[in-house]
2 protein chains.
Amino acid sequence: MGTEAERNGEWAEVTPDAARRLLTAGVQAFAERGYHATTTRDIAGRAGMSPAALYIHYKTKEELLYRISSVGHRLALGILERARDGAGGPAERLADAVRHFVRWHAEHHTTARVVQYELGALGEEHYAEIVGLRRETDAAVRDIIEDGVRTGDFDVPDVRGTGLAVVSLCIDVARWFTSDGKRTPDEIGDLYAGLVLRMVGCTGHRPGDHR
Amino acid sequence: MGTEAERNGEWAEVTPDAARRLLTAGVQAFAERGYHATTTRDIAGRAGMSPAALYIHYKTKEELLYRISSVGHRLALGILERARDGAGGPAERLADAVRHFVRWHAEHHTTARVVQYELGALGEEHYAEIVGLRRETDAAVRDIIEDGVRTGDFDVPDVRGTGLAVVSLCIDVARWFTSDGKRTPDEIGDLYAGLVLRMVGCTGHRPGDHR
DNA sequence: ACGCCATCTAAGCGCTTGCTCAGCTTCGGG
DNA sequence: CCCGAAGCTGAGCAAGCGCTTAGATGGCGT
């Protein structure tokens, strides 16, 4: 059912149907072998089409990667921004952000793998656009941490560095997660939310004054 | 000077000289473009040799990657095992392990990038061997955390999961670090050592009783 | 009924890839 | 002084690559 859910909804904005099938085939192939080791024949084959059919819906193989990367980054960014702008104190919002962000990276680890680790294969212009989205990702997490420092809920000497570390920790889930492991995406999300709260010096009880 | 140090010593065990030049050329090329996007002509060119010269010292392009991966993994593992078996309490040893491990990933980020992110391109047998080394890496960190839990210095509900998260956090430095950033490898090592001590519930003063 | 456009395929073009091989040089031991 | 091994090159092969093109097919508005 996890695999089923991966195909449903996530790429709903991609039309027509053939373009979406090619895209999900690309996600699978890129995640397994990497962009450069994947052939257009392989992608088309997984989608049940001839190699030439790819070029009706995408100008180049790189544009297919760009579409995946663009949609994927916007989904991931949306998760963080929704948590940042949600209700509750900084601790709840940071925990929510990490929990959902990590869960997404585990549940959609094939998509996330392509999104997070294959962007070096993008062309210059596409790459620049994606880097912009990634800066927004970093900023969303940093914003929550800054809130927590302001309210005194968190104790963070280096907000920028800690924020980068938190994002880095979450992203790397996509690299090592496999669906045949013992842990579920939910469990990892909860574990990581707890770890991150500790990283920002949030002890669980009222903060008190530091030093 | 950082770039200079990258060539010195690190690959001293690789002989003869031409084989070492090809190897460092491979590291640079693989780190920049990825294994599959790198051509044997590119590697040989960087080493100042003809394409055919590569095959005198390495049977295939994959064997060159394997040599890089093997030496690199052993270096990284050595750093952790030296910290684990060192003197001092669990907190000092864990901080030392993270500090040195992170510093290596930042200072040698080109090597580390190949070592950590290109192992999917290895052949089956080579891959299996490298995976073994990675399990030892995870175990070294887990051992220190278990020590700390035993002595009461750490408070870790999920030792295995937390250990994996710590290793993951450190490894991912190789992905985002660039030498033209503001932070030095030392600074990042110190920052991460502090973050990890917080992750394992080490507050700095004597532990006391929890809950 | 008919033409039109979107969709898809079979065939294949031009190029690059990993890798090979015959031959040239260099150099230490007898 | 010569010889064989080791290191290296120039030329190139077979295979596979991304992508193109000409033509078949099917559904839709009129």
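Just the heavy atoms: all of them, side chains too, but no hydrogens, waters or symmetry mates, feed the values below. First the proteins, then the strands, lettered A, B, ... as listed; each starts at 1.
- Electrostatic pairing of Asp42(B) and Arg46(B) counts as a salt bridge here, judged by a charged N lying under 4.0 Å from a carboxylate O.
- Taking Arg160(B) as the reference, nothing meets the salt bridge (Lys or Arg N to Asp or Glu O under 4.0 Å) condition, with sequence neighbours excluded.
- Nucleotides of DNA chain D lying under 4.0 Å from heavy atoms of chain B occupy a range whose first and last members, 5' to 3', are dC8(D) to dG12(D).
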Requested in this report: Determine, stepwise, if the pair Arg20(A) / Thr24(A) fulfils side chain to side chain donor-acceptor pair (under 3.5 Å).
Outcome: CA-CA 6 Å; Arg20(A) 183 169 48 249; Thr24(A) 58; over 6 Å; no
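- Proximity of residues 29-50 of chain B to DNA chain D (heavy atom under 4.0 angstrom from any strand atom) is restricted to Arg41(B), Met49(B), Ser50(B).
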Report summary line: Encoded 5' to 3' (Watson-Crick or G-U under 3.5 Å; [ ] crossing; | other strand), DNA chain C becomes ||||||||||||||||||||||||||||||
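- Sorted by residue number, the list of members of residues 59-71 of chain B with any non-hydrogen atom under 4.0 Å from DNA chain D is empty.
- Between Arg99(B) and Asp96(B) there is a salt bridge, with a side-chain nitrogen of the basic residue lying less than 4.0 Å from a carboxylate oxygen of the acidic one.
- Residues forming a side-chain contact (heavy atoms from CB on, under 4.5 Å) with His57(B) (at least two apart in sequence, or on another chain): Pro16(B), Ala18(B), Ala19(B), Leu22(B).
- The main-chain N or O of Ala25(B) is never found under 3.5 Å from a side-chain atom of Gln28(B) such that the two would form a donor-acceptor pair.
- A salt bridge is absent between Asp138(A) and Arg134(A): the closest approach of a Lys/Arg side-chain nitrogen to an acidic carboxylate oxygen does not fall below 4.0 angstrom.
- Side chain of Thr162(A) to main chain of Asp158(A): a donor-acceptor pair is present (N/O by atom type, distance under 3.5 Å, no hydrogens or angles).
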